[in-house]
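All remarks here apply to the structure that follows.
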Amino acid sequence: MNENLFTSFITPTMVGIPVVLLIIMFPSILFPSPSRLIDNRLVSIQQWLVRLTSKQMLSIHSHKGQTWALMLMSLILFIGSTNLLGLLPHSFTPTTQLSMNLGMAIPLWAGTVATGFRYKTKASLAHFLPQGTPFPLIPMLVIIETISLFIQPVALAVRLTANITAGHLLIHLIGGATLTLMSISTITAFITFTVLVLLTILEFAVALIQAYVFTLLVSLYLHDNT
């Protein structure tokens with residue numbers, strides 16, 4: 001337990017060069033492009049899941065919003081696979097870095113807002129001032145709505161970072177406690193190990209859920225602006 005609790009969140013380097021770019025590109029290997037007339041079971045399951053998710057997520061969108069289908073599907077596959085790979089021992093999870101999550105959230109949010117101002121200018125401006133607002137409250141409400149708009153990408157990034165980081169920290173702490181208790185009480189160590197296994201299963205679910213939530217919120221922002 002002498003190891004720093006946050007060591008696993010440090011960006012890995014090789015010969016002094018950060019290798020995070022290679023780690024980010026690695027999930028693309030897990031989703032090969034089909035090149036056969038009849039796909040194998042793995043590719044067929046992947047395609048079925050993509051079709052199911054895209055159908056559910058894009059059903060509320062107009063034709064203009066459905067043009068974002070490739071972007072949204074790529075986003076959920078990237079975040080989900082990155083989160084799952086980060087649960088492997090001695091691996092690095094890029095989505096625990098707030099800078100990376102902001103780098104995903106801000107351009108996507110800015111794209112949805114720009115789309116709204118281009119195609120639904122009046123409706124987008126109307127969000128800053130609800131109908132029937134008393135005249136003395138107009139400046140205050142405009143400021144509040146502006147702040148709430150600009151805080152959306154920050155909330156996206158912080159939510160993903162906090163959930164993934166908290167799960168990794170819990171696994172690290174309970175795993176260290178299990179190793180320590182093995183020399184003190186075997187029964188207590190077994191109970192702690194059971195909790196660790198259950199928490200790991202939960203983290204696999206959280207990894208997929210957070211990818212879905214992140215993409216769904218981007219999709220909802222897009223729906224409000226198209």
Looking only at non-hydrogen atoms, find the nearest pair between [X] and [Y] and report the distance.
X	Y	answer
G86	T93	CA-OG1, 3.0 Å
Q152	S148	CG-O, 3.4 Å
L196	I171	CD1-O, 3.8 Å
L156	A105	CB-CB, 4.0 Å
A211	G80	CB-N, 3.4 Å
L160	M104	CD2-CE, 4.2 Å

Checklist entry - Is there a donor-acceptor contact under 3.5 Å linking the side chains of H168 and T96? => result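 No, no side-chain donor-acceptor contact under 3.5 Å.
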Checklist entry - Cut-off 3.5 Å, side chains only: do T95 and N83 have a donor facing an acceptor? => result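 Yes.
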Next on the checklist: Among T194, I201, T200, exactly one meets side chain to side chain contact (heavy atoms under 4.5 Å, CB included) together with V197. Which residue is that?
Outcome noted: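 Among the candidates, only I201 passes.
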Checklist entry - Between N163, N101, L98, L102, which is the residue that forms a side chain to side chain contact (heavy atoms under 4.5 Å, CB included) with V158? => result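 When N163, N101, L98, L102 are each tested with V158, the side chain to side chain contact (heavy atoms under 4.5 Å, CB included) holds only for L98.
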Working to the nearest 0.5 Å, report the span between [atom1] of [X] and [atom2] of [Y].
X	Y	atom1	atom2	result
T146	L141	OG1	CG	10.0 Å
Q210	L208	CD	CG	10.5 Å
L222	Q66	CG	CD	10.0 Å
L72	L108	CG	CG	8.0 Å
L75	F214	CG	CZ	5.5 Å
F117	T112	CZ	OG1	10.5 Å

Under a single-linkage definition using a 4.5 Å side-chain heavy-atom cutoff for Ile, Leu, Val, Met, Phe, Trp and Tyr, are [X] and [Y] assigned to the same hydrophobic cluster?
X	Y	value
L84	L199	yes
V113	I106	no
L202	I164	no
Y119	W68	no
V213	Y221	yes

Checklist entry - Do L217 and R159 pass the side-chain contact (heavy atoms from CB on, under 4.5 Å) test, and can you show the C-alpha distance, the side-chain angles, and the key distance before you say yes or no? => result CA-CA 11 Å; L217 289 174; R159 181 186 296 106; 3.0 Å; yes
Take a 6.0 Å sphere around [atom1] of [X] and say whether it holds more than 12 heavy atoms from other residues, nucleotides or ligands.
X	atom1	result
F190	CZ	no
I187	CD1	no
I151	CD1	no
Y212	OH	yes

Checklist entry - Taking the side chain as C-beta and beyond, is there a heavy-atom pair between W109 and L149 under 4.5 Å? => result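 In contact.
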If we ignore hydrogens and angles and just use 3.5 Å, is the side chain of [X] paired with the main-chain N or O of [Y] as donor and acceptor?
X	Y	answer
S81	F78	yes
S183	T180	yes
T82	I79	no

Item to check | Chi angles and distances behind the side-chain contact (heavy atoms from CB on, under 4.5 Å) call for K120, N225 | outcome: CA-CA 7 Å; K120 296 175 61 177; N225 289 282; 6.0 Å; no
Checklist entry - Should L198 and V195 be marked as a side-chain contact (heavy atoms from CB on, under 4.5 Å) after you check the CA-CA gap, both sets of side-chain angles, and the distance that decides it? => result CA-CA 5 Å; L198 295 176; V195 174; 5.7 Å; no
